[in-house]
Number of protein chains: 2
Amino acid sequence: MGTQLLNEQTCYERLRNWIIDGTLQPNERLIELELAARLGTGRATIRTVLARLEQEGLVVREPNRGARVRFVSHEEALEILEARTAIESLLARFAAMRARPEDIAQMRDLLAQMRACIEQGDLVSYSALNTALHRVIAEAARHRTAARLLETLGSQSVRYQYRTILAPGRPATSLTEHNAVVEAIAAHDPDAAEQAMRAHLSGVCETLRRLRQGH
Amino acid sequence: MGTQLLNEQTCYERLRNWIIDGTLQPNERLIELELAARLGTGRATIRTVLARLEQEGLVVREPNRGARVRFVSHEEALEILEARTAIESLLARFAAMRARPEDIAQMRDLLAQMRACIEQGDLVSYSALNTALHRVIAEAARHRTAARLLETLGSQSVRYQYRTILAPGRPATSLTEHNAVVEAIAAHDPDAAEQAMRAHLSGVCETLRRLRQGH
DNA sequence: GTCTACAAGATTGTTGACAATCTTCCCACA
DNA sequence: TGTGGGAAGATTGTCAACAATCTTGTAGAC
């Protein structure tokens, strides 16, 4: 495992990934000495990394009581999704204004792959492609500020991402919604793109709300 | 000056304020030893504080080359304002759904004070009240996720906040727009509140754009 | 006169040790 | 049996010293 010498940035990325992929679970204590040993670095480095992750919303620190992985409740996951809706709508609008032909080609390519996944019932790949499509749209918008906000939001809610697509009838609907977003962007229609993205994420939001009720 | 013993949180707040109020200017180098002396603490503390401020977008750090106050260009200020528009519209929507009578009373009170400032031509106080009103709306929305995003955005663009209100005819327009937002919230009409907030911030955005052209 | 090589100074990166604080566990005592 | 006190261990907070790196200034070669 990671017993090599690592600088701060590398430690940050690794620790961040461990939190996002669930290697470190919500509410798990993050003991500086232990992490330092695991990452092959000193406590000082771990300390600054934990501070960064706290600012990013992935970690909670309490004075003299150390850090733990922040637990994101269902309620909060909903809030995050609502905020994402606001940001991604903005990004869709700008993507419609600024997307280049190659951006649009990439989106359509991803859409085609997503369609294939649905037909084969491969929802895991679909989920990955979904994330990729949203990222391509964000990049096409060329709006670094909004993109940065979205990235921090995204990392916090990964834990809840896989659930919604499993809802009955959701895959087909999801595909239709994505299609509408991409076509609006391709038509360089900002209003339509913003509206389509808002509709799409409202759909996700509603599904999440319903799943929560069911449980 | 600050030669008292300070813990990390206090150092963070002080340094943050120094950046926001311009005591530390954009692009100014932040030398760890110097700050440690000024704040009466050790370099380790300063180091984690700088890491947090970087994550917050107020500071830029380069490996082996230290930290400096992040310079926000006009272009970026516009981006920040656009992102703010997205978030604050969301907050206005939720405020319309969740505001209590005392929240609304507070908003109206602030509005009255703002009106008085306009009549007396006191634009400095107006600016402060403006900020206060936006904060009250954000709190009334009871949406911590969006509120947190807004706070980080706000701290980055303070430098450009005073300019827009100085544009000819802007004060009166601004007051009318704020009035519309508050009345929509008071009427518990989410759509109208969101729309009014969006219109208001688009106005600010447009003014900023025009000011930039003029220069 | 301009450019490269190198030394000196300044600053960041890292480590280890120590102090302060919290947590846990055990024991005396009611 | 239950409870408060306190000691031991674990963990965080802080500091000073050292190593690594970058920057600046100077001297020499062409």
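What you see is a predicted model, and the numbers here were worked out from it, not measured in a lab.
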Practice prompt. Mind jotting down which residue pairs meet the salt bridge (charged side-chain N to carboxylate O under 4.0 Å, His left out) criterion with at least one end in residues 70-79 of chain B? Sequence neighbours excluded, please.
Written response: B/R70-B/E76

Practice prompt. For DNA chain C, find the residues of residues 59-67 of chain A with a heavy-atom distance under 4.0 Å and give them by number; none if there aren't any.
Written response: A/N64, A/R65

Worksheet item: In whole angstrom, what separates B/E8's CD from D/dC15's C1'?
Response: 15 Å

Item to complete: With sequence neighbours excluded, tell me which residues meet salt bridge (Lys or Arg N to Asp or Glu O under 4.0 Å) with B/R209.
Response: B/E82, B/E206

Worksheet item: Given atom CD of A/E54 and atom P of D/dT12, what is their separation to the nearest angstrom?
Response: 14 Å

Discussion item. From the set D/dA17, D/dT12, C/dT15, return the single nucleotide nearest to any side-chain atom of A/I31.
Written reply: D/dT12

Fill in: Whole angstrom value for the distance that separates C1' of C/dG16 from CD1 of A/I46
16 Å

Item to complete: Just jot down the salt bridge (Lys or Arg N to Asp or Glu O under 4.0 Å) partners of A/R52, sequence neighbours excluded, or say none.
Response: A/E8

Worksheet item: Taking CD from A/E34 and P from D/dA10, how many angstroms apart are they, rounded to a whole number?
Response: 13 Å

Worksheet entry | B/R29, nearest nucleotide to its side chain (from D/dC15, C/dT11, C/dA17) | C/dT11

Worksheet item: Any salt bridge between A/R198 and A/E194, counting N to O under 4.0 Å?
Response: yes

Worksheet item: What does B/L30 touch in the nucleic acid at a heavy-atom separation under 4.0 angstrom: a base, only the sugar-phosphate, or nothing?
Response: sugar-phosphate

Item to complete: For A/P26, enumerate each residue passing the side-chain contact (heavy atoms from CB on, under 4.5 Å) test, keeping only those at least two apart in sequence or located in another chain.
Response: A/F71, A/R159

Worksheet item: In terms of side-chain heavy atoms of B/T45, which of C/dT11, D/dT14, D/dA17 is nearest?
Response: D/dT14

Discussion item. Nearest to the B/T41 side chain among C/dT11, D/dC15, C/dT15, which nucleotide is it?
Written reply: D/dC15

Worksheet, complete the sentence: To the nearest angstrom, the CZ-P distance between B/R43 and C/dT14 comes to 11 Å

Practice prompt. May I have the distance from A/N7 (atom CG) to D/dA19 (atom C1'), rounded to whole angstrom?
Written response: 16 Å

Practice prompt. For side-chain contact (heavy atoms from CB on, under 4.5 Å), just list the numbers for B/L153 and B/L81, CA-CA rounded to whole Å, side-chain angles, deciding distance to a tenth of an Å, and then say yes or no.
Written response: CA-CA 8 Å; B/L153 281 177; B/L81 199 51; over 6 Å; no

Extract all donor-acceptor atom pairs below 3.5 Å that involve side chains of residues 94-102 of chain A and protein atoms in other chains or at least two apart in sequence.
{"from": "A/R98", "atom 1": "NH1", "to": "A/A141", "atom 2": "O", "distance (Å)": "3.3"}
{"from": "A/R98", "atom 1": "NH1", "to": "A/R142", "atom 2": "O", "distance (Å)": "2.8"}

Item to complete: Nearest whole angstrom, please: distance from the C1' of C/dT15 to the CD of A/E32.
Response: 15 Å

Fill in: Interatomic distance where CG belongs to B/L39 and C1' belongs to D/dT14 [whole Å]
15 Å

